[in-house]
Amino acid sequence: METNEKLRVLPSIDKLLAALVNEQEIMQYPHELVTACLRQAVANTREALLAGKNGSVSPEAIVNQAKILLEKCTQASLRRVINASGVVLHTNLGRAPLSRQARECVGAVMEGYSTLEYNVESGERGTRYAHVVKPLRELTEAEDVLVVNNNAAAVLLVLSALAKGREVIVSRGELVEIGGSFRIPDVLRQSGATLVEVGATNKTHLADYEQAIGPNTAAILKVHTSNYCIVGFASQPDGKELAALAHKHDIPVIEDLGSGTLVPLTVDGQTEPTAAQRLRLGFDVVTFSGDKLLGGGQAGIIAGKSQYIAKMKKHPLLRAVRIDKLSLAALEGTLLDYITGDPVQDIPVLRMLHSEPSILEERAKQLYKEITRYSAALAEVIELTSLAGGGALPGAVLKGYGVAVSCQNISAENLETYLRQQSTPIIARIQDNKVIFDVRCLEKENLAEIANALVGVS
Ligand SMILES: *Cc1c(COP(=O)(O)O)cnc(C)c1O
């Protein structure tokens with residue numbers, strides 16, 4: 001058929017609707033929506049023909065296009081993905097997957113009313129913070145704690161409450177930028193505090209801090225270098241000495257721990273400081289995220305001395321950065337895992353970081369088996385390395401396993417795109433012209449899902 005003729009015989013919307021009349025699944029949607037998708041499919045076909053591309057004008061072909069459009073617009077945009085990237089705390093993929101207990105707590109609260117700010121003992125108004133104060137105090141050994149929306153908000157609140165209009169001393173080696181426009185100098189400015197930089201990029205001495213302390217100093221701020229390491233000729237003063245110096249001058253030491261961890265964690269010889277360790281050194285206030293190594297939902301945790309936390313509780317910013325009930329439920333559920341369970345087994349992030357290579361190899365072999373059962377693609381089990389991600393353990397290399405897939409009929413780039421555009425996207429990486437599925441963050445059911453997506457690919 002000539003292009004002109006094809007354009008002439010493009011089916012009418014009525015004809016297409018008639019072809020769909022027995023398709024319950026499609027016809028359950030509002031008539032206007034179905035019609036709009038059909039119109040769009042016809043328009044796309046017409047455009048393709050006018051652009052000189054070959055296309056079928058059969059009603060079936062156009063209806064199929066419309067079905068794809070309909071699926072796209074009836075599906076939530078924020079949805080589950082399969083993380084085959086191997087990055088455990090992937091900020092773009094929602095950071096920490098929740099534990100069973102955390103999911104149950106969220107489920108219970110999201111379905112109806114809750115004790116969010118209600119004290120059932122007294123029948124009076126309560127506070128949302130009360131639900132997590134006890135476990136967090138136990139785990140951080142802090143006098144008091146406060147929880148906000150995220151760690152960025154926690155840092156902003158701490159600085160606003162303790163340092164507004166005054167100076168805050170920070171080492172030049174710790175003027176951190178986290179992905180997505182969180183920069184320590186900018187946050188300081190936003191809080192109304194003035195940054196006083198001390199030391200050099202690689203070295204800051206205790207004396208540098210001491211010389212910078214003056215009558216207008218509000219605090220010393222330490223920031224965990226979450227996403228980089230300064231190695232070689234580098235040093236920072238001992239934490240205990242720094243705390244002692246600050247207290248001699250009657251000012252607090254605040255630390256933004258970034259990821260923070262509630263249990264001692266060593267991966268590939270790298271450790272992340274626990275909140276309790278830092279507070280024990282004499283630091284007055286620490287802040288950290290709820291959805292990084294802690295393994296819960298988005299939250300910012302502030303732990304430290306009561307006298308400072310009390311100022312934050314009274315600060316007007318607290319209301320603006322308050323945590324919502326679903327995140328709070330996720331946090332409480334995760335904290336219950338720490339206190340009543342085995343966190344390394346129960347909390348997915350910690351389990352994934354500690355996965356034994358033998359377990360990962362077994363999982364990779366299983367994935368290989370499932371893939372090769374249905375697909376003619378070339379697959380092999382490979383050794384690889386993964387990252388913790390999410391501003392945690394920046395220098396740590398995690399040894400693991402994966403499956404590398406290459407095809408005759410489709411390039412690695414096109415296969416990666418195809419997988420990413422599935423209704424449940426599969427996020428893999430490309431290495432040496434192969435698509436790599438790192439199995440570290442995969443659950444059992446994901447293996448079959450990946451294999452299914454590869455059916456027919458060769
Ligand atoms: C991740 C991180 C933050 C931001 O934490 P969010 O919970 O994402 O707001 C702040 N500071 C440091 C050092 C971090 O690593």
Side-chain angles (χ1 to χ4, degrees), residues 87-98 102 132 136 140 145-160 163 168 170-191 193 195 219-230 236 239 253-262 265 267 270-275 277-278 283 285-304 312 317-318 320-324 326-328 330-331 334-335 349 353 387-396:
V87 181
V88 178
L89 288 166
H90 200 306
T91 295
N92 304 142
L93 304 184
R95 291 197 184 152
L98 297 181
V132 291
L136 275 175
T140 61
V145 294
L146 192 57
V147 177
V148 294
N149 186 33
N150 58 17
N151 186 34
V155 176
L156 182 63
L157 176 63
V158 171
L159 293 171
S160 303
V168 173
V170 188
S171 159
R172 289 199 171 90
E174 297 177 354
L175 293 171
V176 174
E177 173 181 305
I178 308 299
S181 77
F182 177 93
R183 284 178 159 183
I184 287 296
D186 297 341
V187 176
L188 262 163
R189 194 172 317 116
Q190 188 61 40
S191 73
L195 168 64
I220 290 173
L221 174 67
K222 282 197 64 70
V223 186
H224 186 53
T225 54
S226 296
N227 46 10
Y228 64 98
C229 308
I230 300 180
Q236 287 285 335
V253 180
I254 301 161
E255 183 164 39
D256 171 8
L257 290 174
S259 184
T261 167
L262 294 175
L265 193 67
V267 175
Q270 289 254 327
T271 55
E272 282 283 327
T274 68
Q277 278 167 354
R278 306 305 279 175
F283 286 16
V285 176
V286 297
T287 74
F288 52 101
S289 289
D291 56 356
K292 291 184 179 173
L293 286 176
L294 192 151
Q298 183 180 305
I301 294 150
I302 305 170
M312 298 163 209
L317 199 52
L318 178 61
V321 297
R322 82 175 181 188
I323 186 167
D324 90 295
L326 300 184
S327 306
L328 192 61
L331 177 61
T334 310
L335 295 174
V349 164
L353 286 173
L387 299 172
L393 305 158

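Order of listing sets the numbers, starting from 1, for every ligand and every atom in it. In this text, all values refer to a predicted model and were calculated from it rather than measured experimentally. We number each residue from 1, following the sequence as shown.
Checking Asn151, Asn150, Val148, Thr225 against atom 5 (O) of ligand 1, the nearest heavy atom belongs to Asn151. The residue among Ala152, Pro394, Ala299, Gly258 with a heavy atom at the shortest distance from atom 9 (O) of ligand 1 is Ala152.
Looking at Arg95 against ligand 1, only its side chain comes within 4.0 Å, counting heavy atoms. When non-hydrogen atoms are compared, ligand 1 lies under 4.0 Å from the side chain of Ile178 (C-beta onward) but not from its backbone.
When only interatomic distances are considered, the shortest N/O to N/O separation between Asp291 and ligand 1 does not fall below 3.5 Å. Between Lys292 and ligand 1, a contact under 3.5 Å exists for at least one N or O pair.
Within 6.0 Å of atom CZ in Arg172, more than 12 heavy atoms from other residues, nucleotides or ligands are found, so the atom counts as buried in its surroundings. Atom CD of Gln190 sits in a sparse spot, with 12 or fewer heavy atoms from other residues, nucleotides or ligands closer than 6.0 Å.
No donor-acceptor pair under 3.5 Å is formed between the side chain of Asn151 and the backbone N or O of Ala154. Judged by distance alone, with hydrogens and angles left aside, the side-chain atoms of Glu255 form no donor-acceptor pair with the main-chain N or O of Val286 at under 3.5 Å. A donor-acceptor contact shorter than 3.5 Å is absent between the side chain of Glu174 and the backbone of Ser171. A donor-acceptor contact shorter than 3.5 Å is absent between the side chain of His224 and the backbone of Ser226.
If you take CG on Leu257 and CG on Leu293, they are separated by 11.0 Å, rounding to the nearest 0.5 Å.
Closest protein heavy atom to atom 11 (N) of ligand 1: Asp256 OD2, 2.6 Å. Looking at atom 13 (C) of ligand 1, its nearest protein heavy atom turns out to be Ser226 OG, 3.2 Å.
Of all the atoms in ligand 1, the ones that sit under 4.0 Å from a non-hydrogen atom of Ser289 are 5 (O), 6 (P), 7 (O). Shown in contact with His224 at under 4.0 Å from a heavy atom are these atoms of ligand 1, numbered in order with element: 13 (C).
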